[in-house]
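Every chain is numbered from 1, with letters handed out A, B, ... down the list of sequences. Being a predicted model, the structure only gives us computed values, none of them experimental.
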There are 2 protein chains.
Amino acid sequence: MDNLDRIFHSLADGTRRAIIAQLASGPARVGDLAQHHDMALPSFLKHMRVLESSDIIVSRKVGRVRMCELRPNALVVAQNWLERERRIWEDRLDRLDFLVETLAKKETPDGTE
Amino acid sequence: MDNLDRIFHSLADGTRRAIIAQLASGPARVGDLAQHHDMALPSFLKHMRVLESSDIIVSRKVGRVRMCELRPNALVVAQNWLERERRIWEDRLDRLDFLVETLAKKETPDGTE
DNA sequence: ATCAAGGTTATCCATATGGCTAACTAATCA
DNA sequence: TGATTAGTTAGCCATATGGATAACCTTGAT
């Protein structure tokens with residue numbers, strides 16, 4: 001699977017977006033994160049693994065506890081893709097506007113608008 | 001399904017991102033879009049329907065041809081979500097930096113750094 | 001040495017996804 | 001009126017996803 005595939009797929013789920021939001025305010029333990037989600041721990045851990053596989057979060061084990069942290073770089077990659085496409089679209093609209101304007105001036109070359 | 005779920009899910013596939021990229025340069029017919037993708041037309045149409053269901057594209061039929069157009073607003077919604085989370089994360093880091101700086105000054109109150 | 005806490009692994013299940021082919025409809029063209 | 005073009009619908013299939021439970025393994029506390 002493509003890298004962007006994994007990133008966007010991670011984001012396409014409310015539970016995972018909530019985890020990201022939780023981690024945006026600072027690192028946390030798996031258990032603390034899980035408390036806010038109404039599902040069995042193994043199900044929750046699957047979401048964590050999805051987020052890790054797309055490098056949106058990292059985690060390391062400290063004793064029997066696992067600490068998790070956001071790595072916003074993956075989010076930036078996603079933003080960049082969106083920004084690029086949006087810009088192509090908008091530049092095109094700008095050129096269209098310019099074209100329309102130019103044509104309008106040609107139709108009224110005396111400048112009476 | 002949530003709205004953001006649908007948008008991000010749409011983006012989580014290379015074929016669909018390619019369609020978005022194609023449409024960023026301007027509206028196009030289904031057939032023209034499909035030509036660049038190595039899959040059967042019905043499979044391709046499924047991707048189009050996914051994109052439409054998340055309001056990333058719109059289409060209307062003109063005669064026997066279907067014209068498709070990008071609607072970048074959905075992309076902006078996605079960008080906004082990403083931007084918000086990233087900002088929360090970065091504001092937090094800034095506050096941490098400030099804290100560290102403040103503590104450092106307290107340790108060297110004579111200003112010798 | 002035992003027991004509890006905090007995850008983790010292994011399965012299992014229903015539904016969704018992404019691909020296919022075959023058969024169909026509706027608009028143009030000759 | 002036919003034949004062709006451009007989609008569309010209806011099914012089929014393999015794999016992925018998101019949920020569950022039960023059993024297990026470490027680590028920390030007593």
Side-chain angles (χ1 to χ4, degrees), chain A residues 1-23 26-70 74 78, chain B residues 1-23 26-70 74 78:
Chain A
M1 228 209 304
D2 185 308
N3 210 21
L4 273 174
D5 284 16
R6 269 192 293 268
I7 293 175
F8 282 126
H9 173 245
S10 291
L11 297 169
D13 177 287
T15 299
R16 290 193 290 263
R17 285 197 305 279
I19 295 172
I20 293 173
Q22 287 177 276
L23 288 175
R29 316 191 313 170
V30 163
D32 292 346
L33 294 169
Q35 269 198 317
H36 303 286
H37 301 273
D38 186 21
M39 69 179 65
L41 198 55
S43 312
F44 182 78
L45 284 180
K46 276 196 193 174
H47 289 294
M48 299 300 286
R49 260 175 251 130
V50 170
L51 287 168
E52 278 205 83
S53 80
S54 55
D55 289 330
I56 291 178
I57 70 173
V58 271
S59 72
R60 60 197 174 294
K61 217 158 173 185
V62 183
R64 66 187 163 178
V65 161
R66 182 173 291 278
M67 286 299 293
C68 311
E69 189 172 341
L70 192 65
Chain B
M1 228 211 303
D2 185 308
N3 210 22
L4 273 174
D5 284 17
R6 269 191 295 268
I7 293 175
F8 282 126
H9 172 245
S10 291
L11 297 170
D13 177 287
T15 299
R16 291 194 289 264
R17 286 197 305 279
I19 295 172
I20 293 173
Q22 288 178 274
L23 287 176
R29 317 190 312 170
V30 164
D32 292 346
L33 294 169
Q35 269 198 319
H36 302 285
H37 301 273
D38 187 21
M39 69 177 66
L41 198 56
S43 313
F44 183 78
L45 284 180
K46 276 196 192 174
H47 289 295
M48 298 300 286
R49 258 174 252 130
V50 170
L51 287 167
E52 278 205 83
S53 80
S54 55
D55 288 330
I56 291 178
I57 70 174
V58 272
S59 72
R60 60 197 175 292
K61 217 160 173 183
V62 183
R64 64 187 165 178
V65 160
R66 183 174 290 279
M67 287 298 294
C68 310
E69 189 172 341
L70 193 66

* In residues 52-61 of chain A, which residues come under 4.0 Å of DNA chain D by heavy atom? ->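 Contacting residues: none.
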If every non-hydrogen atom of [X] is compared with every non-hydrogen atom of [Y], which pair is closest and at what distance?
X	Y	value
A/Pro27	A/Met67	CB-CE, 4.1 Å
B/Leu4	B/Ala78	CD2-CA, 4.3 Å
B/Thr15	B/Met39	OG1-CE, 3.7 Å
B/Ala74	B/Ile56	CB-CG1, 3.7 Å

In whole angstrom, give the distance that lies between atom [atom1] of [X] and atom [atom2] of [N].
X	N	atom1	atom2	answer
A/Met48	C/dT9	CE	P	14 Å
A/Met1	C/dG18	CE	P	10 Å
A/Arg49	D/dT17	CZ	C1'	13 Å
B/Leu51	C/dG18	CG	C1'	14 Å
A/Asp5	C/dT17	CG	C1'	13 Å
B/Arg29	C/dA27	CZ	P	15 Å

* To do: Would you check if B/Ile19 and B/His36 make a side-chain contact, meaning some heavy-atom pair closer than 4.5 Å?
  =>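 Sidechains of B/His36 and B/Ile19: no contact.
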* Non-hydrogen side-chain atoms of A/Met48 and A/Cys68 separated by less than 4.5 Å ->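 With C-beta onward as the side chain, the pair touches.
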* To do: Going 5' to 3' through nucleotides 18-28 of chain D, assign each nucleotide B (protein heavy atom under 4.0 Å from a base atom), S (under 4.0 Å only from sugar-phosphate atoms) or - (no protein heavy atom that close).
  => BBBBB----BS
* **B/Arg66 side-chain N/O to D/dA6 phosphate OP1/OP2 under 4.0 Å** =>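 No.
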* Asked: Any salt bridge (charged side-chain N to carboxylate O under 4.0 Å, His left out) pairs touching residues 31-44 of chain B, not counting sequence neighbours?
  ->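 Counting only pairs at least two positions apart or across chains, the salt bridge (charged side-chain N to carboxylate O under 4.0 Å, His left out) contacts touching residues 31-44 of chain B are B/Arg29-B/Asp32.
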* Pairs where residues 43-53 of chain A contributes a residue and the test salt bridge (charged side-chain N to carboxylate O under 4.0 Å, His left out) is met, not counting sequence neighbours ->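 Sorted result for residues 43-53 of chain A: empty, none.
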* Which residues satisfy the side chain to side chain donor-acceptor pair (under 3.5 Å) test with A/Asp55, sequence neighbours excluded? ->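 Checked A/Asp55 against side chain to side chain donor-acceptor pair (under 3.5 Å); zero matches.
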* Is a side-chain donor-acceptor pair under 3.5 Å present for A/Ser10 with A/Arg16? ->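 Distance-only check fails for A/Arg16 and A/Ser10.
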* Asked: About how many Å separate NE2 of B/His9 and CG of B/Leu51, when rounded to the nearest 0.5 Å?
  ->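 So the CG of B/Leu51 and the NE2 of B/His9 are separated by 10.0 Å.
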* Would you mind reading off the bend of the helix from C/dA1-D/dT30 to C/dA30-D/dT1 from its two end axes, five pairs each, to 10 degrees? =>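 End-to-end axis angle: 20°.
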